[in-house]
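Below, read A as the first sequence line, B as the second, and so on, with proteins coming before strands; counting in each chain starts at 1.
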4 protein chains.
Amino acid sequence: MPAASPQPRRPRAGSRRDEAARLAVLHAADDLLVEHGFGALTVEAIARRAGVAKQTIYRWWPSKVEILLDTLIEDSDKRLPVPTERPTAESIRGYLGDFARFLTDDPAGKVLLALIAEAQHDPHTAKSFHTRYLGPRRDQERDMLARAIDAGEVSPRLGLDATIDALVGPIVYCALTGSSIPRDLADTLAEGLLRPRSN
Amino acid sequence: MPAASPQPRRPRAGSRRDEAARLAVLHAADDLLVEHGFGALTVEAIARRAGVAKQTIYRWWPSKVEILLDTLIEDSDKRLPVPTERPTAESIRGYLGDFARFLTDDPAGKVLLALIAEAQHDPHTAKSFHTRYLGPRRDQERDMLARAIDAGEVSPRLGLDATIDALVGPIVYCALTGSSIPRDLADTLAEGLLRPRSN
Amino acid sequence: MPAASPQPRRPRAGSRRDEAARLAVLHAADDLLVEHGFGALTVEAIARRAGVAKQTIYRWWPSKVEILLDTLIEDSDKRLPVPTERPTAESIRGYLGDFARFLTDDPAGKVLLALIAEAQHDPHTAKSFHTRYLGPRRDQERDMLARAIDAGEVSPRLGLDATIDALVGPIVYCALTGSSIPRDLADTLAEGLLRPRSN
Amino acid sequence: MPAASPQPRRPRAGSRRDEAARLAVLHAADDLLVEHGFGALTVEAIARRAGVAKQTIYRWWPSKVEILLDTLIEDSDKRLPVPTERPTAESIRGYLGDFARFLTDDPAGKVLLALIAEAQHDPHTAKSFHTRYLGPRRDQERDMLARAIDAGEVSPRLGLDATIDALVGPIVYCALTGSSIPRDLADTLAEGLLRPRSN
DNA sequence: GGTTAAGCGAGACGGTACGTCTCGTCTTACG
DNA sequence: CGTAAGACGAGACGTACCGTCTCGCTTAACC
């Protein structure tokens, strides 16, 4: 958020964005998704629930998907940080476990699943979802893994991205299909994929 | 919903279901999904494209999702059979590779991804998708794996379902996120998860 | 009520227009105009009041003005017919009086005033109003006057249309400005404008 | 907080109404009405065209109708004065002719017609229009007519107001319905309504 | 071979949400 | 304090589909 630029250029007179309205929309969208599902997540319903005019939503978000992305980014930065400091095999296992818990227990997990889903239906969603969420997060995860390899903590047989897909994929797939995630899944995945070929 | 009254006498007076209309609907739905995506897949559009009245669709399918399920079941039984005869480690690896190709290259793969997605949005879809597709297929896969274990071909460390999730999950996840599926992914997964712990 | 056309041509299969919905819309529009004024006459309000879907209105009428025109034409044909049989000076005076009463007392009079007004604001309204209402009615009035002249009943100094404007104008103007219409206005107008110059 | 200008002849410190803004609004409203019709005459459009903030309009005028009234009053006082000095039959005829020309040729004539129209749709407009424009003008016209009667110039058969309505009504009605106003209309009206009954 | 009942194309219907527009109010920064 | 700028809650606009409901036609099994 930019410091007051001293220039007398006047980018904006008068009104500025109403933070209360912004938060009301974000929370309303989150609540509606969790309570009544993506089908009930209409712009009209969000506006109604947030006590906000539809135009206020359209002024700041191009679609309801971007609202969800905003909440997801804020929430997962806060509640599911990628461990970037001195990563160990242990911290990677821990991250996978946290990720599984995030998906199944955190409301924001529902948001993530809904966005993965909606990205299949709509190319705009796919684009935005990759650019704003998946890409940046993958960058951090790739970095984490690369450092762990450098440190000799792990030595996966697959490429960086493929390894991450192989670790994260099963967890996401279980969440998508509604299976409970077995307690030992994350550890076994890590063990099977992060250690060098034994023969 | 068994027709099966034993007597062949009087299956119905007057008229029977129009097979041409049924196929036209199935193909229209498939084509629309592939050409314009799930967003364009409305009942009205299907009816228009199939040259069929909306009522004819609603008479035989409770929702557009069931139309997709019909095509998916037919197509994946035909083009992606689960190898049930004398399964080997090799045939399991082969199935995983076929599955990856099905998802990315076959039009029916798009249908499967769309249904996984829609199941996140709508509980009815989820129910039907599990009952009619995922469940039966998982039964066959579980059976395949169990026989391979019995035959001493493989010895996974995880439970049956968890193992399948761990093998299939990364492939599905790559397809969902649009990453290309690395050539050696299936093999490495099989190797990492189907052989006993090396230490 | 056209006789059944013998041709097997099939102009319409299945559904036909719902007369009940048509009447509900007409009455709702009329009622809303009279009760709450033109400002409250929105398509949404009409639909709400008529218990009809908006699309049903848009399917059959290009704008709310055409709805009003429909009611006006039906009502004024019924309740303010132009005397076409053997017109006399007396019947013309009578028609002017009826017209004044129609404007002030009949709900359809409000519709006429609203349409005159709206025609000032919107060229489409003006066009339609003239083509569908003012024109045809003027034709009948012109005919009435011409026959009365032929019969020697009256001999106005102005042209046909100008004479009608001169007779009708004051009545409409009073209604538009909300002045009460003096009892002797119609008669005095007729006397002053329909008899030959006295000098 | 401007420094006090030395002259005390400034009735107020700080700011007074901005005459430039006032005129810009008046002209913008006028221009928009003439160029694009009443339908395009929104407060937002006026503000845009005048280079003025909406709030500035709402601060000084309760509605766009009052803006039009302001222009109409100024313009018609200036360009269509009621002949109040020693009125004659001739000057009344002249006034009617001027009025016809005002309605059809002067931009302010369009404003008058628009206000007559809007007064049908909205009671506030009607109230204000009568109080600020029609009433005062009618007072002057009534006075003109009364003096002419006193002077023996004319002797109408109808009451004062009814006579004026009868004279003005046809002209307004022609303008409202878009008919051209016949050259001899004003004179014939005057002759037919201002002279005593001939029999 | 006429009866009859279901399936069919067509499309009107009551609804809901869409994304856009303007309304009249409000808040803020500048001069 | 008046102004320009513009965000805000409100609600109507006209469109697209939803899922339901007649229609009138066609067709095939039954009598």
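The side-chain heavy atoms of C/His124 and C/Ser63, taken from C-beta on, include no pair separated by under 4.5 Å. For the pair B/Trp60/B/Arg22, no side-chain contact is recorded, criterion being any heavy-atom separation below 4.5 Å from C-beta on.
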- Please report the C-alpha distance between B/Thr125 and B/Gln120 in whole Å, then the side-chain angles of each, then the deciding distance to 0.1 Å, and finally whether the side chain to side chain contact (heavy atoms under 4.5 Å, CB included) criterion is met. CA-CA 8 Å; B/Thr125 296; B/Gln120 309 307 310; over 6 Å; no
- Message: Please determine whether salt bridge (charged side-chain N to carboxylate O under 4.0 Å, His left out) holds for the pair C/Glu35 and C/Lys110, giving the CA-CA distance in whole Å, both sets of side-chain angles, and the decisive distance to 0.1 Å.
- Response: CA-CA 11 Å; C/Glu35 289 172 27; C/Lys110 295 267 181 296; over 6 Å; no
- Task: Test D/Tyr133 against D/Leu115 for side chain to side chain contact (heavy atoms under 4.5 Å, CB included), laying out the working first.
- Result: CA-CA 10 Å; D/Tyr133 185 79; D/Leu115 286 172; over 6 Å; no
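No donor-acceptor contact under 3.5 Å links the side chain of C/Gln55 to the base of E/dC13. C/Lys54 contributes no side-chain N or O that forms a donor-acceptor pair with the base of E/dG14 under 3.5 Å.
The distance from atom CD of D/Glu44 to atom P of F/dA5 is 13 Å, rounded to the nearest whole Å. The distance from atom CH2 of B/Trp61 to atom C1' of E/dC8 is 13 Å, rounded to the nearest whole Å. For the pair A/Leu41 CG and E/dT16 C1', the interatomic distance rounds to 15 Å; values are reported in whole Å. One interatomic measurement links the two molecules: CD1 of C/Ile57 to P of F/dA12, which rounds to 13 Å at whole-angstrom precision. Distance, B/Glu19 CD to E/dA6 C1': 17 Å, rounded to whole Å. Distance B/Ile46 CD1 to E/dC8 P: 16 Å, rounded to the nearest Å. Rounded to an integer number of Å, the gap from NZ of A/Lys64 to C1' of E/dC18 is 10 Å.
Taking the side chain of A/Tyr58 as heavy atoms from C-beta on, and the options F/dG19, E/dC23, E/dC18, the nearest nucleotide is E/dC18. Listed nucleotides E/dC13, E/dG24, F/dT15 differ in distance to D/Val43; the shortest reach to its side chain belongs to E/dG24. Side-chain atoms of C/Arg59 lie closest to E/dC13 of the nucleotides E/dC13, F/dG6, E/dC21. With F/dC17, E/dT28, F/dA10 as the candidates, the nucleotide lying closest to the side chain of A/Ala53 is F/dA10. Checked against F/dC18, F/dT22, E/dG7, the side chain of B/Trp60 finds its nearest nucleotide in E/dG7. Of the candidate nucleotides F/dT3, E/dC23, E/dC13, E/dC13 has the atom nearest to the side chain of C/Arg17.
B/His121 and A/Phe38 have parallel rings, their planes meeting at less than 30° on a 0 to 90° scale where 60° marks the start of perpendicular.
The side chain of B/Thr56 places an N or O atom within less than 4.0 Å of a non-bridging phosphate oxygen (OP1 or OP2) of E/dG9. Look at D/Thr42 and you won't find any side-chain N or O under 4.0 angstrom from OP1 or OP2 of E/dT22.
The side-chain contact (heavy atoms from CB on, under 4.5 Å) with A/Leu68 is formed by just one residue from the set A/Leu112, A/Val111, A/Asp30; it is A/Val111.
A heavy-atom distance below 4.0 Å to DNA chain E is reached by none of the residues of residues 22-38 of chain D.
If A/Asp18 and D/Gly51 are placed on DNA chain F by their nearest nucleotide, the residue sitting closer to the 5' end is D/Gly51.
Between B/Lys64 and B/Glu44, none of the side-chain N atoms (NZ, or NE/NH1/NH2) sits under 4.0 Å from a carboxylate O, so this pair counts as no salt bridge.
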